[in-house]
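In what follows, a structure is listed as structure tokens, so that the remarks can point back to it.
All values reported here derive from a predicted model rather than from experimental measurement. Heavy-atom basis, side chains included; hydrogens, waters and symmetry copies ignored. Indexing begins at 1, ligand by ligand and atom by atom, following the structure's order.
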Amino acid sequence: MSVLVLGGAGYIGSHAVYQLIDKGESVVIVDNLETGQRKAVHPEAHFYEGDVRDIYFLRSVFQKEQIDDVIHFAANSLVGESMKHPLKYFDNNVHGTQVLLQVMIEYGVKNIVFSSTAAVYGEPESVPITEEMPTVPTSTYGETKLIMEKLIKRTDEAHGINYVSLRYFNVAGARETGDIGEDHRPETHLVPIILQTALGQRSHITIFGGDYDTPDGTCIRDYVHVEDLIDAHLLALDYLRHGGKSNVFNLGSNQGFSVKEMIDAARTVTGREIPANIGDRRAGDPSILIAGSSKAKRVLGWKPSRTSVAKIIEDAWKWHSSHPNGYGKGE
Ligand code: UFG
């Protein structure tokens, strides 16, 4: 009886594995280590290095292990890169999910919790964004995640695969112990870049655009603590195990913070200066993204308890200041 975590060596996947093992679950990880880190793999998980698109490899894992449920994080997830290399995204994200579903059907595995994104909504007509709003992705990344959702839905209709799609807003923070955290290469995300600047690893942070139609002119995002986000995955797994119907949920905090507010919050938490300059806008950035997450609270009983900007930055700072080079060079 194991949970298969695809992408379990990545930032969000590794936090899921740690929480599953804390709860006494047996965990199998599949990760090709393209963006995942070997050192983020929990020592008690059964780790298989390989690619989700490799059907022979994936079958061999399902053959060896007793897989009951799947949590699927394995995907490329950079908006900018997806615009330059769309086929890489269709291949890894969409084709990878097709192969995974095929093998799940072959082995009679029914439950999947799927890592989706707010990028499926594109530029929203209004905020907060609720699950019923139109999905019009502006990036190839968002498009592939929406197609992955549809693939899973159609497979459910034909083969009775039960799914929960979780649409993440801006995930940040780290496990409270500081053992694991965010380490992307190259790093593009706001909170780690702010904290690398606080550590003196960057001379300054460039704020992408100061002329948005927001109170201080910088983009507003909805930040959710990675550990709260993973709580929702565990609740979703429980929901499916107890016969819950296939469903889609937003995961955010219902609150927006501007880039400037995030930098100010980090100055308070770290006591460091954090020089910041205003630069050009980044292509594809919507001005405001705020989640309506009441459905996840109502249906799954999700109670985010760590999702304040101060707590997110404190926990991220614990990780970055104790691991200034992230996981190091790797193995
Ligand atoms: N930003 C800066 N300077 C930087 C980095 C980021 O000003 O050096 C700004 C961005 O312009 C944006 C905000 O900080 O306004 C957050 O940027 P991130 O790159 O951290 O996150 P995104 O909002 O672009 O994207 C995140 C996830 C995506 C997901 C999206 C959904 O990384 O995978 O949320 O909303 F699709």
Side-chain angles (χ1 to χ4, degrees), residues 7 10-13 35 73-83 89 92-93 115-124 127-129 133 135-146 148-149 165-173 182-184 186-198 201-224 226 229 250-266 274-293 309 312-313 316:
Y11 165 47
I12 300 176
T35 54
F73 297 99
N76 292 109
S77 63
L78 298 178
V79 170
E81 183 190 53
S82 78
M83 302 306 283
Y89 277 68
N92 191 29
N93 295 3
S115 161
S116 188
T117 170
V120 300
Y121 296 109
E123 182 80 52
V127 292
I129 303 171
M133 285 190 178
T135 45
V136 194
T138 47
S139 67
T140 303
Y141 166 61
E143 187 82 69
T144 61
K145 284 275 171 169
L146 185 59
M148 293 155 88
E149 283 194 7
S165 280
L166 299 173
R167 294 177 176 164
Y168 311 162
F169 283 66
N170 287 64
V171 188
E182 197 163 2
D183 180 10
H184 299 109
E187 190 54 76
T188 63
H189 295 88
L190 182 66
V191 170
I193 288 178
I194 291 175
L195 297 180
Q196 288 171 355
T197 311
Q201 295 173 339
R202 297 172 186 258
S203 60
H204 65 282
I205 169 160
T206 301
I207 298 173
F208 297 143
D211 58 352
Y212 283 95
D213 187 15
T214 58
D216 67 16
T218 67
C219 285
I220 293 178
R221 293 286 180 276
D222 179 335
Y223 295 88
V224 53
V226 64
L229 184 97
N250 286 342
L251 298 179
S253 71
N254 296 61
Q255 265 189 301
F257 289 88
S258 73
V259 176
K260 275 190 179 163
E261 287 174 324
M262 293 300 285
I263 296 171
D264 281 341
I274 317 185
N277 301 338
I278 303 275
D280 291 340
R281 287 185 176 199
R282 187 172 67 176
D285 270 345
S287 54
I288 305 182
L289 289 176
I290 300 175
S293 301
V309 161
I312 287 173
I313 294 176

Would you say F208 has any N or O atom under 3.5 Å from an N or O of ligand 1, going by distance alone?
yes
Would the number of heavy atoms belonging to other residues, nucleotides or ligands and lying under 6.0 Å from CG of D213 be above 12?
no
What is the nearest protein non-hydrogen atom to atom 28 (C) of ligand 1, stated with its residue, atom name and distance?
Y141 CE2, 4.2 Å
Would you say T117 and ligand 1 have an N/O pair spaced under 3.5 Å apart?
no
Using a 4.0 Å cutoff against the non-hydrogen atoms of I193, which atoms of ligand 1 qualify?
8 (O)
For L78, which of H189, M83, H184 qualifies under side-chain contact (heavy atoms from CB on, under 4.5 Å)?
H189
Should you measure from each heavy atom of I207, which atoms of ligand 1 turn up under 4.0 Å away?
7 (O)
Just so I know, are the side chains of E149 and R167 near enough to count as touching, which here means a heavy-atom distance under 4.5 Å?
yes
T206 and ligand 1 - part of the residue with a heavy-atom distance under 4.0 Å
backbone
Here's a test for you: under side-chain contact (heavy atoms from CB on, under 4.5 Å), which of N250, N254, L251 qualifies with F169?
N250
H189 and ligand 1 - part of the residue with a heavy-atom distance under 4.0 Å:
both
Beyond-backbone contact of R202 with E187, side-chain heavy atoms, under 4.5 angstrom
yes
Counting C-beta onward and ignoring hydrogens, is there a side-chain heavy-atom pair between I290 and P124 closer than 4.5 Å?
no
Contact (N/O only, under 3.5 Å) between A118 and ligand 1
no
At a 4.0 Å threshold, what atoms of ligand 1 neighbour a non-hydrogen atom of S77?
33 (O)
Can you tell me how far the CZ atom of R282 sits from the OG1 atom of T206, to the nearest 0.5 Å?
11.5 Å
Classify the angle between the aromatic ring planes of F73 and Y168 as parallel (below 30°), tilted (30 to 60°) or perpendicular (above 60°).
tilted
Please state which protein non-hydrogen atom is closest to atom 20 (O) of ligand 1 and give its distance, to 0.1 Å?
L190 N, 2.8 Å
May I ask you to check whether over 12 heavy atoms, not counting those of D280, lie within 6.0 Å of atom CG?
no
Just jot down the ligand 1 atoms closer than 4.0 angstrom to any heavy atom of A119, in number order.
31 (C), 36 (F)
What protein heavy atom sits nearest atom 24 (O) of ligand 1, and how far away is it?
R282 NH2, 2.7 Å
N/O to N/O below 3.5 Å, does that happen between Y223 and ligand 1?
no
C219 heavy atoms, cut-off 4.0 Å: which ligand 1 atoms fall inside?
15 (O)
For atom 11 (O) of ligand 1, state which one of V171, V259, N170, D285 supplies the nearest heavy atom.
D285
Heavy atoms, side chains only, cut-off 4.5 Å: are P286 and R221 in contact?
yes
Those atoms of ligand 1 less than 4.0 Å from some heavy atom in T188
5 (C), 19 (O)
Would you check if I205 and L190 make a side-chain contact, meaning some heavy-atom pair closer than 4.5 Å?
yes
List ligand 1 atoms under 4.0 Å from L289, heavy atoms only on the residue side.
35 (O)
